[in-house]
Student: 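Below is the structure I would like to discuss, written out as structure tokens.
Remember, it's a predicted structure, so these values are computed and weren't measured experimentally.
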Amino acid sequence: MDTGGWTVFQRRMDGSVNFYRGWDYYRAGFGFADGEYWLGLENLFHLTLRKKYELRVDMEDWNGERVFAQYSSFSVDPESFGYTLYVSGFSDGGAGDSLSYHNGQKFSTFDKEQDVDTGRNCAKVFRGSFWYRNCLQTNPNGLYQQGIDNTYTAMGVTWYHWKGNNFSLKFISMKIRPVSTTV
């Protein structure tokens, strides 16, 4: 849990945990709750099954600049539907919207390709695991690199609409909380 009732399901902050992992790891979760961390797709599915959730993505670059993107609706389908992502209702906190592109996509890892790109396995090409489409506008589970790297396009921890595909962020965190039903 984070302040404000948020449940963190993904965090990158120092490169101490390898995120280039297979399907079983992403299904179950890995890392450390107080450090780099992935909660697990099965847990995300169960959390978002019976309540409406909102999503916030916090980011920081290597100069200490912080921005966020927020979405009023977030859910994940069960494994039998590929843990399909549903996200909508974007609000800009300076980051721009790099996640809506991935809406309606199944989760992909290097050993379980479910993206819609017919010519390549996005998880293999971009060294990450995510709800890739054709292939990405964000790669939060990519290789942890420092800042600009024009050698390997979009392989870092990227958010296209803020820093582009060749800038790897210092910090990114994805967190959800139930949407308040009180008026």
Student: Please determine whether residues Phe90 and Met174 belong to a single hydrophobic cluster, defined as Ile, Leu, Val, Met, Phe, Trp and Tyr linked transitively by side-chain heavy-atom distances below 4.5 Å.
Tutor: yes
Student: Within the distance-only criterion (no hydrogens, no angle test), does the side chain of Gln146 pair as donor or acceptor with the backbone N or O of Ser168 below 3.5 angstrom?
Tutor: no
Student: Run the side-chain contact (heavy atoms from CB on, under 4.5 Å) test on Val116 and Gln105 for me, step by step, so that the C-alpha distance in whole Å, both residues' side-chain angles and the decisive distance to 0.1 Å come before the verdict.
Tutor: CA-CA 8 Å; Val116 296; Gln105 301 309 303; 3.6 Å; yes
Student: Would you say Leu39 ends up clustered with Phe45 if hydrophobic residues are merged whenever their side chains have heavy atoms under 4.5 Å apart, either directly or through other cluster members?
Tutor: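 Same hydrophobic cluster.
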Student: Mark yes or no: Arg12 above the aromatic ring of Phe19, with NZ or CZ under 6.0 Å from the six-membered ring centre and no more than 45 degrees from the axis.
Tutor: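 Output yes; distance and angle both within limits.
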Student: Is the OH atom of Tyr144 crowded by more than 12 outside heavy atoms at less than 6.0 Å?
Tutor: yes
Student: Hey, do the aromatic rings of Tyr53 and Phe74 have their centres closer than 6.0 Å?
Tutor: no
Student: Are the side chain of Glu36 and the backbone of Gly15 linked by a donor-acceptor contact shorter than 3.5 Å?
Tutor: yes
Student: Do you know the tightest heavy-atom contact between Val179 and Ser72?
Tutor: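 That would be CG2-O, 3.7 Å.
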Student: Any cation-pi pair here, Arg21 with Phe30, using under 6.0 Å and within 45°?
Tutor: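 Positive - Arg21 is close enough to the ring of Phe30 and near enough to its axis.
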Student: Between the side chain of Asp92 and the main-chain N/O of Gly96, is any donor-acceptor distance below 3.5 Å?
Tutor: yes
Student: Are Leu169 and Val17 connected into the same hydrophobic cluster when the rule is that any two of I, L, V, M, F, W, Y join if their side-chain heavy atoms are below 4.5 Å apart?
Tutor: yes
Student: Looking only at atom types and distance, does a side-chain atom of Asn141 sit under 3.5 Å from a main-chain N or O of Ser129, one as donor and one as acceptor?
Tutor: yes
Student: Would you mind telling me which of Tyr25, Phe107, Tyr20 makes a ring pair (Phe, Tyr, Trp, His ring centres under 6.0 Å) with Trp38?
Tutor: Phe107
Student: Atom CZ in Arg50, atom OG in Ser75: separation rounded to 0.5 Å?
Tutor: 13.5 Å
Student: Honestly curious: do Met59 and Trp62 fall in one hydrophobic cluster under the side-chain, below-4.5 Å linking rule?
Tutor: yes
Student: Would you say the side-chain atoms of Arg11 pair up with the backbone N or O of Tyr37, donor to acceptor, closer than 3.5 Å?
Tutor: no
Student: Report the distance from atom CH2 of Trp159 to atom OG1 of Thr138, rounding to the nearest 0.5 Å.
Tutor: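 Nearest 0.5 Å value for the CH2-OG1 distance: 5.0 Å.
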Student: Judged by modelled atom types alone, do Tyr86 and Asn103 share a side-chain donor-acceptor pair under 3.5 Å?
Tutor: no
Student: Atom CD1 of Ile176 and atom CG of Leu44: how far apart are they, to the nearest 0.5 Å?
Tutor: 5.5 Å
Student: So which atom in His102 and which in Leu85 form the shortest heavy-atom distance, rounded to 0.1 Å?
Tutor: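 Answer, listing the atom of His102 first, then Leu85: O-CD2, 3.7 Å.
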Student: Report yes if some heavy atom in the side chain of Asp61 is under 4.5 Å from a heavy atom in the side chain of Lys170; otherwise report no.
Tutor: no
Student: Which is it for Asp97 and Ser100 under the side chain to side chain donor-acceptor pair (under 3.5 Å) test, yes or no, and what are the steps along the way?
Tutor: CA-CA 6 Å; Asp97 181 11; Ser100 291; 2.6 Å; yes
Student: Less than 4.5 Å apart, any side-chain heavy atom of Leu55 and any of Leu99?
Tutor: yes
Student: Between Glu113 (side chain only) and Ser108 (backbone N and O only), is there a donor and an acceptor less than 3.5 Å apart?
Tutor: no
Student: CZ/Arg177 to NZ/Lys52 distance, rounded to the nearest 0.5 angstrom?
Tutor: 13.0 Å
Student: Distance check, rounded to the nearest 0.5 Å: Asn134 atom CG versus Gln137 atom CD?
Tutor: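 It is 11.0 Å, given to the nearest 0.5 Å.
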Student: Would you check if there is a donor-acceptor pair between the side chains of Trp23 and Glu79 at a distance under 3.5 Å?
Tutor: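 Yes.
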Student: Using a 3.5 Å distance criterion without hydrogens, assess whether the side chain of Arg133 forms a donor-acceptor pair with backbone atoms of Tyr101.
Tutor: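 Yes, the answer is positive, given that a donor and an acceptor are paired below the 3.5 Å cut-off.
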Student: Can you give me the closest heavy-atom contact between Phe81 and Thr84, atom names plus distance?
Tutor: O-OG1, 2.7 Å
Student: Does NZ or CZ of Arg27 lie under 6.0 Å from the centre of the six-membered ring of Tyr83, at an angle within 45° of the ring axis?
Tutor: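 The answer is no; the distance or angle limit is not met.
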Student: For the pair Arg120 (side chain) and Asp117 (backbone), establish whether a donor and an acceptor sit closer than 3.5 Å, ignoring hydrogens and angles.
Tutor: no
Student: Keeping Asn139 on the side-chain end and Thr158 on the backbone end, is there a donor-acceptor pair under 3.5 Å?
Tutor: no
Student: Hey, can you tell me if Phe9 and Trp131 have their rings parallel, tilted or perpendicular (30° and 60° cut-offs)?
Tutor: perpendicular
Student: Using atom types as modelled and distance alone, determine if a side-chain donor or acceptor of Thr48 lies under 3.5 Å from a backbone N or O of Val76.
Tutor: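 Yes; at least one donor-acceptor contact below 3.5 Å.
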Student: Going only through I, L, V, M, F, W and Y residues with side-chain contacts under 4.5 Å, is there a path from Val57 to Tyr160?
Tutor: no
Student: Quick one, Glu65 and Glu60 - any side-chain contact, counting heavy atoms below 4.5 Å?
Tutor: no
